[in-house]
Number of protein chains: 2
Amino acid sequence: MVFSTHDWPIDSGVLRGESSCATLLLQDCILWTPRMPRADKRDDLIDAAIRLFNRHGYHATGVDRLMEETGIAKTTLYRHFDSKEELIVAALVRIDEAARDELRAFVEAASGDPVARILATFGQLDIWLRDKEFKGCPFVAAAAEFGGANDPVFQQVRLHKRLTLAYFEELVRAARTPDPRRVARQIVMLHEGAIAFAQVLGPDGVADDARQAAERLIERRPAD
Amino acid sequence: MVFSTHDWPIDSGVLRGESSCATLLLQDCILWTPRMPRADKRDDLIDAAIRLFNRHGYHATGVDRLMEETGIAKTTLYRHFDSKEELIVAALVRIDEAARDELRAFVEAASGDPVARILATFGQLDIWLRDKEFKGCPFVAAAAEFGGANDPVFQQVRLHKRLTLAYFEELVRAARTPDPRRVARQIVMLHEGAIAFAQVLGPDGVADDARQAAERLIERRPAD
DNA sequence: CAAGAACGATACAGATCGGTAGCGAACAAC
DNA sequence: GTTGTTCGCTACCGATCTGTATCGTTCTTG
């Protein structure tokens, strides 16, 4: 390890197939200076790792494939990361931050109505599910490929899910819904379920169905 | 390939950590006859494959690990299956049949009330989520590790999800719920979401929350 | 300009990957 | 009992895996 953690810029849209800001800057600057500062290498590696891991899985993606994709030497990779596992964790950290930032941005852009803010999350979900690079939840895939509860990869997955769940609980509490913890868990389940569903059967109507289901869970019933 | 497909006995409980009938018979008969008929070898291979693929993932499980686990020689494996991919597909086929049979059995055992039959599926889900060998949906994991829509593994995954969805739609139609196709999709999403949720955050209360959410989706509203 | 860090290229290590060849032993069916 | 098949065992193939060693070059910084 060379750099302290969390010194890279947060990049939204990583989950979708967009090239990151760092990559775009690289494209502009490559004529200005043939050698770029060190942080960009690490950024490029993580970006390519996210793309390839998402496309082919974690074990199926060898470091050699990463070299071909980025043009970065293998020695450089292992100067930034002690192991492939560390790169995987770094990729998950970036995806976590990007996904939660984007979710937050989508919610903030929605109307002030707390219920509408919750339902807006399914709008972001719909965009993601329809992305051509979408291939299921990278965290669920990582949890499936990596084992025990002590595994660093699995711990990062759990952290992401806990943070996401906490955010949804915050949204549900703002809507003054009864039993907010349970409803938040149910809405997260709808998100996860929609992701798995779309991964196998395609994205059409999936986010809409999930949103309508969430609407039913939030709405007040006369019995209450 | 030596045997025609679908000539092995359907084994319920494969998703849970139970040893299969074939394995138990082997334990008893090994003193009676040192050489067992051929179908058992294939059964044992598929059973061990299901166990190991579920535990460590598909790419991470090498055929050598399968040999250690079963004591079967590698040549025997490749006499039954042309490739590892074919073994993976065979494993998915068996899981599919076992899971859908078990689901059906759970529903039949429930009361005749169509709504209660739907909610009974979450009882089976709860048992599975609490199993010590539970590690997420093997089909979602396979879809994540194997790529394109033309991949045989992915096609088997899609077939399973389609059949499962069709069965749920059948259950929902029996309940005379409005918009049965959508409700069936939503209930399947709740199942998938509960699986992913429990995979990362643990099984406690997950199936209950999902069932309660399904209840809300099924119940008639005064507005309708 | 000089010192030090980062990088690329190559080559390699040791292990494991999926898959095959050849052989003898143990079974099944006739 | 003979014939044909299935099995286990061993050894092997070429490819790929993660990770390292070495060295010359290039950028950055002072």
Side-chain angles (χ1 to χ4, degrees), chain A residues 1-4 7-8 22 25-26 29-45 48-49 52-53 56-91 145-146 151-153, chain B residues 1-4 7 22 26 29-45 48-49 52-53 56-91 145-146 151-153:
Chain A
M1 264 298 281
V2 181
F3 301 105
S4 63
D7 58 350
W8 54 78
L25 279 174
L26 170 62
C29 297
I30 199 165
L31 296 179
W32 173 65
T33 160
R35 206 39 139 246
M36 43 215 150
R38 35 293 183 71
D40 282 351
K41 293 290 174 185
R42 183 186 235 266
D43 275 356
D44 287 355
L45 281 170
L52 291 181
F53 288 154
H56 304 109
Y58 296 90
H59 285 94
T61 303
V63 291
D64 295 316
R65 300 276 296 269
L66 266 156
M67 312 295 91
E68 295 172 9
E69 192 88 354
T70 59
I72 298 175
K74 204 192 288 190
T75 46
T76 306
L77 188 155
Y78 281 99
R79 217 172 281 120
H80 283 286
F81 305 95
D82 285 343
S83 64
K84 180 187 174 183
E85 185 183 68
E86 200 175 289
L87 172 61
I88 293 175
V89 173
E145 285 202 50
F146 295 89
D151 188 288
V153 174
Chain B
M1 264 301 278
V2 182
F3 301 106
S4 63
D7 59 350
L26 170 61
C29 298
I30 199 167
L31 295 180
W32 175 65
T33 159
R35 205 40 139 246
M36 44 214 148
R38 36 284 181 79
D40 283 350
K41 294 289 173 185
R42 190 189 165 98
D43 274 356
D44 286 355
L45 281 169
L52 291 181
F53 289 154
H56 305 109
Y58 297 90
H59 286 93
T61 304
V63 289
D64 295 317
R65 301 277 296 269
L66 265 157
M67 310 296 93
E68 295 171 8
E69 192 88 354
T70 59
I72 298 175
K74 205 192 283 190
T75 45
T76 305
L77 188 156
Y78 281 100
R79 220 172 276 122
H80 282 287
F81 305 96
D82 286 344
S83 64
K84 181 188 175 183
E85 186 184 65
E86 202 175 287
L87 173 61
I88 293 174
V89 172
E145 286 200 50
F146 295 88
D151 188 289
V153 175

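Side chains included, hydrogens not; waters and symmetry mates left out as well; all remaining heavy atoms used. Quick note on labels: first sequence line is chain A, next is B, and so on, each numbered from 1.
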Trainee: Grab the NE2-C1' distance between H56(A) and dT16(D) for me, whole Å please.
Mentor: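 Going from NE2 in H56(A) over to C1' in dT16(D) covers 16 Å.
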Trainee: Report the distance from atom NE2 of H80(A) to atom P of dA5(C), rounded to the nearest whole Å.
Mentor: 14 Å
Trainee: Measure the distance from CD1 on I88(A) to P on dC17(D) and round it to the nearest whole Å.
Mentor: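 It works out to 13 Å between those atoms.
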Trainee: Could you report the tightest heavy-atom contact between A48(A) and T70(A), atom names first, then the distance?
Mentor: CB-CG2, 3.2 Å
Trainee: Of the non-hydrogen atoms in L77(B) and L87(B), which two are nearest, and what is the gap between them?
Mentor: CD1-CD2, 4.4 Å
Trainee: Quick one, give me the B/S/- string for nucleotides 14-22 of chain C, reading 5' to 3', where B means a protein heavy atom under 4.0 Å from the base and S means that only happens at the primed atoms, P, OP1 or OP2.
Mentor: ---SSBBBB
Trainee: Rounded to the Å, how far apart are K41(A) NZ and dC27(D) C1'?
Mentor: 11 Å
Trainee: Please report, rounded to the nearest Å, how far the P atom of dC17(D) is from the CG atom of L87(A).
Mentor: 15 Å
Trainee: Tell me: CZ of F81(B) to P of dC7(D), nearest whole Å?
Mentor: 11 Å
Trainee: Counting just side-chain N and O atoms, does T76(A) come under 4.0 Å of either OP1 or OP2 of dG8(C)?
Mentor: yes
Trainee: Go through the structure and list residues passing side-chain hydrogen bond (donor to acceptor under 3.5 Å, both in side chains) with H56(B), not counting sequence neighbours.
Mentor: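 Partners of H56(B) by the side-chain hydrogen bond (donor to acceptor under 3.5 Å, both in side chains) criterion come out as none, since no residue qualifies.
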Trainee: Evaluate the ring planes of Y58(B) and F146(B), with Trp represented by its six-membered ring, and classify them as parallel (under 30°), tilted (30 to 60°) or perpendicular (over 60°).
Mentor: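 Rings of Y58(B) and F146(B): perpendicular, over 60°.
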Trainee: Rounded to whole Å, how long is the line connecting atom CD of E68(A) with atom C1' of dA15(D)?
Mentor: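 That distance rounds to 14 Å.
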Trainee: Could you give the CG-to-C1' distance, from L77(B) to dC9(D), as a whole number of Å?
Mentor: 15 Å
Trainee: Between Y78(A) and S83(A), what is the shortest heavy-atom contact and its length?
Mentor: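 That closest heavy-atom pairing would be CE2-CA, 4.0 Å.
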Trainee: Under the 3.5 angstrom rule, does the side chain of E145(B) hit a backbone N or O of A60(A) as a donor-acceptor pair?
Mentor: no
